Structures are given as structure tokens and as C-alpha cells.
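Predicted, not measured: the structure shown is a model, and the values here were computed from it. Computed over heavy atoms, backbone and side chain alike; hydrogens, waters and symmetry mates excluded. The chains referred to below are lettered A, B, ... by the order of the sequence lines, with proteins before strands, and numbering in each begins at 1.
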Amino acid sequence: MQAVVCDLGMLFAVIAPRGTHLWEFIRDILIHPEQHGGLMRWEDRREGVFKFLKSEAVAQLWGQKKRNSSMNYEKLSRAMRYYYKREILDRVDGRRLVYKFGKNSTGWRLGEVGV
DNA sequence: TCGATATTTCCTGCTT
DNA sequence: TAAGCAGGAAATATCG
């Protein structure tokens, strides 16, 4: 598992632009699930609702991308919560590990993908 | 160098 | 009881 995360991290370091934001990193995992070993999945693609399947693995991947080995899901989720205020994400009440893209996020909608 | 922005880190309390 | 959620506060890194 650790090796898989390591490989994915290296892959990301190559394919992702330097200034990628967290929400873009999340979006890319969802758009290219085959490259990320089912870390996340769409709950409702049209509505932009998605779920973390392997929360700690996603956090580790994000940490590798930012060269931060102490990253974990608790810290990642705090950053996610700041997106509510900016309307990059919408809150999904009562469902753990479930988030929704907001009106200020782009590139995840069908027909928009492939940017 | 400085200010703005985007996290990161730590924390407390609540919920599932 | 562990894991996750919510949000305040302060610190830090990066960029223009």
C-alpha cells in the first residue's frame, strides 16, 4: 500500500503543475480514477458530489505532492472546510467523507473535463 | 521587501 | 472509543 501511494505521489509530481491547489488535486483524482487506485469516487457526478474512500491515503498523496510527510486527513479536511466559505465546495450534511463541488470550482463537470 | 492568498498546524467541542 | 466534522486562531509558504 505504502509503495502504491509512493508511486502515485511520484506520478503526480510529474503530471501535476507546480501551483496546483488542493481542490484541483481532488478534482484530478476524481477525473482520473484509474490513475489513483480508487481513492475517491463520485456519488453524484452531475451534482459534483464525491466521497473519500481512502481518506488517509489521499492525505498522504497530497502530502507527497506538497513535500509534507506530516499531512493527514484531519489537516486536509480543515483545508477542505475553508472552501465552504469561498464556495469552492458545498457542505453535505450528515454524510461522512462526502463533499460537493461548489459554484466557484471548475473543470469537473461533464463536458468541461479535459481542460 | 511586502501584502495577499492558500494552506498548515493546533485546538476544543460535538456528532456518528 | 475512534473517526470525522466544525470552525477559531495563529503560523507558514508561495507568488506577484
Side-chain angles (χ1 to χ4, degrees):
Chain A
M1 179 56 201
Q2 197 64 31
V4 173
V5 171
C6 182
D7 286 348
L8 290 173
M10 290 174 70
L11 176 66
F12 244 108
V14 172
I15 65 174
R18 202 163 69 99
T20 301
H21 292 164
L22 174 57
W23 70 269
E24 294 170 316
F25 164 80
I26 297 297
R27 179 195 63 192
D28 289 343
I29 290 177
L30 286 161
I31 291 174
H32 303 290
E34 71 283 357
Q35 292 174 19
H36 305 100
L39 298 180
M40 306 177 70
R41 72 151 184 248
W42 289 108
E43 290 283 294
D44 187 332
R45 180 66 194 268
R46 289 186 60 182
E47 294 296 318
V49 179
F50 59 91
K51 180 174 186 173
F52 284 81
L53 300 180
K54 299 174 185 174
S55 56
E56 284 300 331
V58 174
Q60 281 181 34
L61 202 53
W62 175 240
Q64 282 179 6
K65 184 167 165 52
K66 298 290 291 287
R67 300 179 187 279
N68 177 359
S69 59
S70 67
M71 179 52 61
N72 57 29
Y73 180 70
E74 182 162 357
K75 294 172 187 174
L76 185 149
S77 65
R78 181 68 189 99
M80 298 279 282
R81 290 196 291 275
Y82 270 121
Y83 285 149
Y84 293 149
K85 203 165 188 176
R86 293 160 57 196
E87 297 184 282
I88 290 170
L89 292 179
D90 285 345
R91 191 170 293 156
V92 177
D93 288 329
R95 299 190 62 195
R96 289 186 164 201
L97 301 175
V98 177
Y99 297 83
K100 177 181 178 179
F101 284 116
K103 66 180 183 184
N104 289 336
S105 59
T106 58
W108 57 269
R109 294 173 183 85
L110 289 170
E112 211 181 24
V113 175
V115 181

Requested in this report: Pick base, sugar-phosphate or nothing for A/Leu76, based on heavy-atom distances below 4.0 Å to the nucleic acid.
Outcome: nothing
Report task. Under 4.0 Å between any heavy atoms, over every strand shown, what does A/Phe52 touch: base, sugar-phosphate, or nothing? Just pick one. Result -> nothing
Report task. If the plane angle is over 60° it's perpendicular, under 30° parallel, otherwise tilted; pick one for A/Trp23 and A/Phe101. Result -> perpendicular
Report task. For the pair A/Trp42 and A/Phe50, name the ring-plane relationship: parallel under 30°, tilted 30 to 60°, perpendicular over 60°. Result -> perpendicular
**Report entry** Where A/Gly107 and A/Ile31 come nearest, the two heavy atoms and their spacing
**Finding:** O-CD1, 3.2 Å
Let me know the distance between [atom1] of [X] and [atom2] of [N], rounded to the nearest Å.
X       : N      : atom1 : atom2 : value
A/Glu74 : B/dC14 : CD    : P     : 16 Å
A/Leu53 : C/dA3  : CG    : P     : 18 Å
A/Arg96 : B/dC14 : CZ    : C1'   : 11 Å
A/Leu22 : C/dA13 : CG    : C1'   : 15 Å
A/Asn72 : B/dC11 : CG    : P     : 13 Å
A/Lys85 : C/dA6  : NZ    : C1'   : 13 Å
A/Met80 : C/dC5  : CE    : P     : 9 Å
A/Glu24 : B/dT5  : CD    : P     : 17 Å

For a quick test of reading the model: is some side-chain N or O of [X] closer than 4.0 Å to OP1 or OP2 of [N]?
X       : N      : answer
A/Lys75 : B/dT8  : no
A/Lys66 : C/dA13 : no
A/Trp23 : B/dA6  : no
A/Asn68 : C/dT12 : no
A/Ser55 : C/dG4  : yes
A/Tyr84 : C/dC5  : no

Requested in this report: Identify whether the distance between the nearest side-chain nitrogen and carboxylate oxygen of A/Glu87 and A/Lys85 falls below 4.0 Å.
Outcome: no
Report task. Using five pairs at either end of the helix from B/dC2-C/dG16 to B/dT16-C/dA2, determine the angle between the two local helix axes and round it to 10 degrees. Result -> 30°
Query raised in the report: Quick one: does A/Ile26's side chain get under 4.5 Å of A/Met80's, heavy atoms only?
Result: yes
Query raised in the report: Does any non-hydrogen side-chain atom of A/Tyr99 lie less than 4.5 Å from one of A/Phe52?
Result: yes
Query raised in the report: Hey, mind stepping through A/Arg41 and A/Glu43 against salt bridge (Lys or Arg N to Asp or Glu O under 4.0 Å) and telling me if it holds?
Result: CA-CA 6 Å; A/Arg41 72 151 184 248; A/Glu43 290 283 294; 2.9 Å; yes
Please state whether the base of [N] and the side chain of [X] form at least one donor-acceptor pair under 3.5 Å?
X       : N     : answer
A/Tyr82 : C/dA9 : yes
A/Arg78 : C/dG4 : no
A/Arg91 : C/dA6 : no
A/Arg86 : B/dT5 : no

Query raised in the report: Do we get A/Arg78 above A/Tyr82's six-membered ring, with its NZ or CZ under 6.0 Å from the centre and within 45° of the axis?
Result: yes
Query raised in the report: Which residue lies toward the 5' end of DNA chain B, A/Met71 or A/Arg81, if each is placed at its nearest nucleotide?
Result: A/Met71
